[in-house]
Amino acid sequence: MAKKKIYSKRSKTVKGEYDVFRNKKKIGEIFKGPSEIGGRKGWVGIITDPQLEAKQNLTYGGSSVGAPTKWRVLDWFWEWMGN
(Lines give C-alpha, C1' and ligand atoms only; values in the text may rest on other atoms or scores of the structure.)
Protein backbone atom coordinates (compact mmCIF):
# COMPACT_ATOMS: atom_id res chain seq x y z
CA MET A 1 0.00 0.00 0.00
CA ALA A 2 1.39 3.38 -1.01
CA LYS A 3 1.97 6.00 1.64
CA LYS A 4 -0.30 9.02 1.32
CA LYS A 5 1.64 12.21 0.75
CA ILE A 6 0.64 15.27 2.81
CA TYR A 7 2.35 18.58 2.06
CA SER A 8 1.73 22.33 2.09
CA LYS A 9 2.13 25.08 -0.50
CA ARG A 10 1.80 28.82 -0.25
CA SER A 11 -1.71 29.98 -1.05
CA LYS A 12 -2.04 31.79 -4.35
CA THR A 13 -5.03 33.82 -3.14
CA VAL A 14 -4.27 34.78 0.49
CA LYS A 15 -0.94 36.24 1.64
CA GLY A 16 0.66 34.42 4.58
CA GLU A 17 -1.57 31.36 4.27
CA TYR A 18 -0.69 27.82 3.21
CA ASP A 19 -2.90 25.21 1.56
CA VAL A 20 -2.52 21.59 2.69
CA PHE A 21 -2.77 18.82 0.11
CA ARG A 22 -3.12 15.06 0.34
CA ASN A 23 -2.20 13.30 -2.90
CA LYS A 24 -2.76 16.52 -4.92
CA LYS A 25 -6.22 17.19 -3.39
CA LYS A 26 -6.68 20.19 -1.09
CA ILE A 27 -7.74 19.08 2.38
CA GLY A 28 -7.04 22.10 4.59
CA GLU A 29 -5.38 25.41 5.34
CA ILE A 30 -2.66 26.66 7.66
CA PHE A 31 -2.52 30.32 8.72
CA LYS A 32 -1.44 32.63 11.56
CA GLY A 33 -4.11 33.11 14.21
CA PRO A 34 -4.67 33.40 17.95
CA SER A 35 -4.18 30.32 20.08
CA GLU A 36 -7.20 29.08 22.02
CA ILE A 37 -5.02 28.52 25.08
CA GLY A 38 -2.97 31.67 25.62
CA GLY A 39 -4.15 34.19 23.05
CA ARG A 40 -0.69 34.32 21.43
CA LYS A 41 -0.53 34.34 17.66
CA GLY A 42 0.65 31.01 16.32
CA TRP A 43 -0.04 28.73 13.40
CA VAL A 44 -3.55 27.24 13.14
CA GLY A 45 -4.73 24.42 10.86
CA ILE A 46 -8.25 23.79 9.59
CA ILE A 47 -9.65 20.82 7.65
CA THR A 48 -11.68 22.22 4.74
CA ASP A 49 -12.52 19.10 2.72
CA PRO A 50 -16.28 18.35 3.17
CA GLN A 51 -15.84 14.66 2.29
CA LEU A 52 -13.16 14.28 4.94
CA GLU A 53 -15.37 16.03 7.51
CA ALA A 54 -18.19 13.55 6.84
CA LYS A 55 -15.82 10.56 6.92
CA GLN A 56 -14.15 11.62 10.18
CA ASN A 57 -17.53 12.58 11.74
CA LEU A 58 -16.48 16.18 12.28
CA THR A 59 -19.16 18.72 13.05
CA TYR A 60 -16.96 21.80 13.46
CA GLY A 61 -14.57 21.37 10.53
CA GLY A 62 -11.63 20.26 12.63
CA SER A 63 -9.02 22.74 13.75
CA SER A 64 -5.79 22.53 15.69
CA VAL A 65 -5.26 24.61 18.81
CA GLY A 66 -2.24 26.36 17.39
CA ALA A 67 1.47 25.73 17.32
CA PRO A 68 4.63 27.83 17.33
CA THR A 69 5.69 26.49 13.90
CA LYS A 70 3.89 25.61 10.68
CA TRP A 71 5.52 22.16 10.70
CA ARG A 72 3.83 21.21 13.97
CA VAL A 73 0.44 21.99 12.44
CA LEU A 74 1.38 19.88 9.42
CA ASP A 75 2.15 17.04 11.87
CA TRP A 76 -1.37 17.51 13.24
CA PHE A 77 -2.73 16.84 9.73
CA TRP A 78 -0.64 13.63 9.62
CA GLU A 79 -2.23 12.52 12.90
CA TRP A 80 -5.75 13.18 11.62
CA MET A 81 -5.15 11.27 8.40
CA GLY A 82 -3.79 8.24 10.28
CA ASN A 83 -0.53 7.97 8.35
Side-chain angles (χ1 to χ4, degrees):
M1 189 161 108
K3 201 170 197 180
K4 297 192 173 24
K5 187 175 181 183
I6 295 177
Y7 58 95
S8 66
K9 283 186 178 180
R10 279 203 169 135
S11 174
K12 293 180 181 178
T13 56
V14 182
K15 186 178 181 179
E17 187 173 289
Y18 293 82
D19 296 329
V20 179
F21 296 89
R22 180 182 185 193
N23 293 338
K24 299 181 181 179
K25 181 181 178 191
K26 184 178 173 185
I27 60 167
E29 298 172 352
I30 298 174
F31 55 90
K32 283 267 191 176
S35 170
E36 293 177 6
I37 299 169
R40 283 184 20 226
K41 276 221 171 199
W43 291 97
V44 179
I46 293 181
I47 295 173
T48 58
D49 183 15
Q51 291 176 342
L52 255 175
E53 290 175 20
K55 184 178 178 186
Q56 298 286 345
N57 235 355
L58 302 175
T59 56
Y60 57 89
S63 66
S64 71
V65 293
T69 64
K70 178 179 79 98
W71 302 109
R72 293 228 179 132
V73 179
L74 204 53
D75 288 340
W76 175 79
F77 278 97
W78 273 97
E79 289 177 27
W80 267 98
M81 301 307 135
N83 288 326

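The figures that follow rest on heavy atoms only: side chains count, while hydrogens, waters and symmetry mates do not.
Nearest heavy-atom pair, Trp43 versus Val73, reported as atom, atom and distance to 0.1 Å: O-CG2, 3.5 Å. Between Phe77 and Ile47 the shortest heavy-atom distance is CE2-CG1, 3.9 Å.
No donor-acceptor contact under 3.5 angstrom links the side chains of Thr48 and Lys26, judged on distance only.
Applying the under-4.5 Å side-chain rule to Ile, Leu, Val, Met, Phe, Trp and Tyr, the cluster around Val14 consists of that residue alone.
Listed by chain and residue number, Ser11 satisfy the side-chain hydrogen bond (donor to acceptor under 3.5 Å, both in side chains) test with Thr13 (two or more places apart in sequence, or in another chain).
For the atom pair OH (Tyr18) and NZ (Lys32), the distance works out to 9.5 Å, reported to the nearest 0.5 Å. Atom NZ of Lys15 sits about 10.0 Å away from atom CZ of Arg10, to the nearest 0.5 Å.
The shortest distance between side-chain heavy atoms of Val44 and Phe31 falls below 4.5 Å. Using a 4.5 Å heavy-atom threshold, the side chains of Leu74 and Ile30 count as touching.
In this structure, Lys5 is positioned above the aromatic face of Tyr7, its NZ or CZ under 6.0 Å from the six-membered ring centre and within 45° of the axis.
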